[in-house]
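A short write-up of the structure that comes next.
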There are 2 protein chains.
Amino acid sequence: MKFNDKIPIYYQIKQYIYREIIINNLQPGQKVPAVRQLAVTLTVNANTIQRALRELINEKVLISRRGKGNFVTTDAETLTNLKRNVVEDQVSNLYDQLAALKITPDEMLKYLNNYINSRKEVHHD
Amino acid sequence: MKFNDKIPIYYQIKQYIYREIIINNLQPGQKVPAVRQLAVTLTVNANTIQRALRELINEKVLISRRGKGNFVTTDAETLTNLKRNVVEDQVSNLYDQLAALKITPDEMLKYLNNYINSRKEVHHD
DNA sequence: TATAGTGTATTAGTAAACTAAAACACTAAT
DNA sequence: ATTAGTGTTTTAGTTTACTAATACACTATA
């Protein structure tokens, strides 16, 4: 996996697992790959995986069962909040960044429409 | 200044100076505050400021004159590219992040319209 | 020429992230 | 009981970012 060297790897792994849950590659109650397996797959040290998982467990997104594995929560509220928070954090972050460039909301909408529509045209695959 | 502890401070300072130039708080040819002054203003070490400035100088966004100061470039192309790149990087980054969540372009537009319009209503100041 | 204000470079020490290797705790299956 | 597969913890060493303090190079000016 390709990581951004400006952001801690463990943090990017957290976000990766958020995404896998949100798009249902990891379903509620499903077992997450073993720590050592993830370390191989993502080509990082097992301790770095463990650090990401520890935080996800603290956040109740994953449930740890010693000797068995780590499992995606089945709590509906946690899962709902997860998707909402991840999307909203990214959108609000963009909004704040563009606002800091003194771009008005109307200009943002115009620009985003142009950008996204141009990407749609390109995506004729 | 408040920094994101997940991203190197020198890198956030680069982005801060990009912004100051884009919104014309720092105009073409204008002198940037002195290294030691910026260190005080942003409450970081002077070496950290210097590292950010070094990269900006390498990128030709700033021009260094020893004994005099650092100055914003007057090169029109560099300045034009600066604004275009900063905005486009942020927008394309959001697009990619939302696409990774399997959100379609149409859904993005719908969501962004809702979000930005809701922010407009709030901003009755 | 001396001084103050610049940018630049060097040396040293600290903290966080990452890697590596090993040990420990628990579970399931043979 | 033993073994393999899990999660968890610990100890150690490296690298990067950051801070701190100092010195050096250049410019303008009193």
Side-chain angles (χ1 to χ4, degrees), chain A residues 1-18 20-21 26-75, chain B residues 1-18 20-21 26-75:
Chain A
M1 192 172 177
K2 32 29 176 174
F3 292 106
N4 180 338
D5 69 1
K6 295 290 186 302
I7 301 173
I9 293 173
Y10 81 89
Y11 193 78
Q12 296 180 67
I13 291 171
K14 278 184 67 177
Q15 296 175 319
Y16 163 75
I17 293 177
Y18 285 152
E20 290 293 290
I21 294 172
L26 290 173
Q27 300 180 353
Q30 183 179 342
K31 182 173 179 295
V32 170
V35 173
R36 294 167 182 82
Q37 178 56 50
L38 278 174
V40 171
T41 303
L42 303 180
T43 59
V44 296
N45 190 275
N47 289 331
T48 304
I49 301 289
Q50 181 61 27
R51 169 150 186 195
L53 297 183
R54 188 198 316 145
E55 296 199 2
L56 292 166
I57 291 162
N58 287 340
E59 296 169 9
K60 314 287 190 192
V61 171
L62 298 184
I63 293 169
S64 164
R65 298 194 203 150
R66 205 189 186 92
K68 291 182 177 173
N70 293 306
F71 299 82
V72 177
T73 183
T74 56
D75 180 69
Chain B
M1 191 172 176
K2 30 32 178 175
F3 293 106
N4 180 339
D5 68 2
K6 296 290 187 301
I7 301 174
I9 294 172
Y10 81 90
Y11 192 79
Q12 295 180 67
I13 291 171
K14 279 184 67 178
Q15 297 176 318
Y16 163 74
I17 293 176
Y18 285 151
E20 290 294 291
I21 294 172
L26 290 173
Q27 299 179 354
Q30 183 179 343
K31 183 172 179 296
V32 171
V35 173
R36 294 167 183 79
Q37 178 56 51
L38 277 174
V40 172
T41 304
L42 303 180
T43 59
V44 296
N45 189 274
N47 290 330
T48 304
I49 301 290
Q50 181 60 27
R51 169 150 186 194
L53 297 183
R54 188 198 314 146
E55 297 198 1
L56 292 166
I57 291 161
N58 287 340
E59 295 169 11
K60 314 288 191 195
V61 171
L62 298 183
I63 293 170
S64 164
R65 297 192 202 153
R66 204 188 185 92
K68 291 182 176 174
N70 294 308
F71 299 82
V72 178
T73 183
T74 56
D75 182 68

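All values derive from a computational prediction rather than experimental measurement. Convention: sequence-line order gives letters A, B, ...; per-chain numbering from 1.
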Does A:T48 put a side-chain nitrogen or oxygen below 4.0 Å from OP1 or OP2 of C:dT19? yes
With side-chain contact (heavy atoms from CB on, under 4.5 Å) as the criterion, how do A:L62 and A:I21 come out once you've worked through the C-alpha distance, each side chain's angles and the decisive distance to 0.1 Å? CA-CA 10 Å; A:L62 298 184; A:I21 294 172; 4.3 Å; yes
Counting just side-chain N and O atoms, does B:N47 come under 4.0 Å of either OP1 or OP2 of D:dC18? no
B:I7 and side chain to side chain contact (heavy atoms under 4.5 Å, CB included): which single residue from B:Y10, B:F3, B:Y11 fits? B:Y11
Where each residue is assigned the nucleotide of DNA chain C containing its nearest heavy atom, which of A:V44 and B:Q50 is assigned the position nearer the 5′ end? B:Q50
Specify the separation, in whole Å, of atom NZ of A:K6 and atom P of C:dC18. 14 Å
Please state how far atom CD1 in A:I49 lies from atom C1' in D:dT9, giving the value in whole angstrom units. 17 Å
When the distance from CG of A:N4 to P of D:dA17 is rounded to whole Å, what number comes out? 12 Å
A:Y16 side chain near A:M1 side chain, heavy-atom distance below 4.5 Å: yes
Using heavy atoms to find the nearest nucleotide of DNA chain C for A:R65 and A:R51 separately, return the residue whose nucleotide is more 5′. A:R51
C:dT27 phosphate, OP1 or OP2, under 4.0 Å from A:R66 side-chain N/O: no
Starting at atom CZ of B:R54, determine the distance to atom P of D:dC18, rounded to an integer number of angstrom. 12 Å
Atom NZ of B:K31 and atom P of D:dT27: how far apart are they, to the nearest Å? 15 Å
On DNA chain D, does the nearest nucleotide to A:P33 precede the nearest nucleotide to B:T43 from the 5' side, or the other way round? Give the residue. A:P33
Ignoring backbone atoms, test whether B:N70 places a side-chain nitrogen or oxygen under 4.0 Å from the OP1 or OP2 oxygen of C:dG7. yes
Could you tell me the separation between the CG atom of B:L56 and the P atom of C:dG7, rounded to a whole number of Å? 13 Å
Side chain of B:I9 - closest among C:dT19, C:dT6, D:dC18: D:dC18
By nearest-heavy-atom nucleotide on DNA chain D, the more 5' of A:D5 and A:G67 is A:G67
Do A:I63 and A:T74 come close enough that some side-chain heavy atom pair is under 4.5 Å? no
Would you say B:K68 places a side-chain N or O within less than 4.0 Å of OP1 or OP2 belonging to D:dC26? no
Selected nucleotide, minimal atom distance to A:A34 side chain, candidates D:dC18, C:dG7, D:dG7: D:dG7
Proximal nucleotide (of C:dG7, C:dT19, C:dA17) relative to the A:N45 side chain: C:dT19
B:L38 CG - C:dT8 P separation (whole Å): 13 Å
With the side chain counted from C-beta on, respond yes when B:V61 and B:Y18 share a heavy-atom pair under 4.5 Å apart, and no when they do not. yes
Spacing between A:K14 atom NZ and C:dA17 atom C1', to the nearest angstrom: 15 Å
So, under a plain 3.5 Å distance rule, would you say the side chain of B:R36 forms a donor-acceptor pair with the base of C:dG7? yes
For atom NZ of B:K31, is the number of surrounding heavy atoms from other residues, nucleotides or ligands below 6.0 Å larger than 12? yes
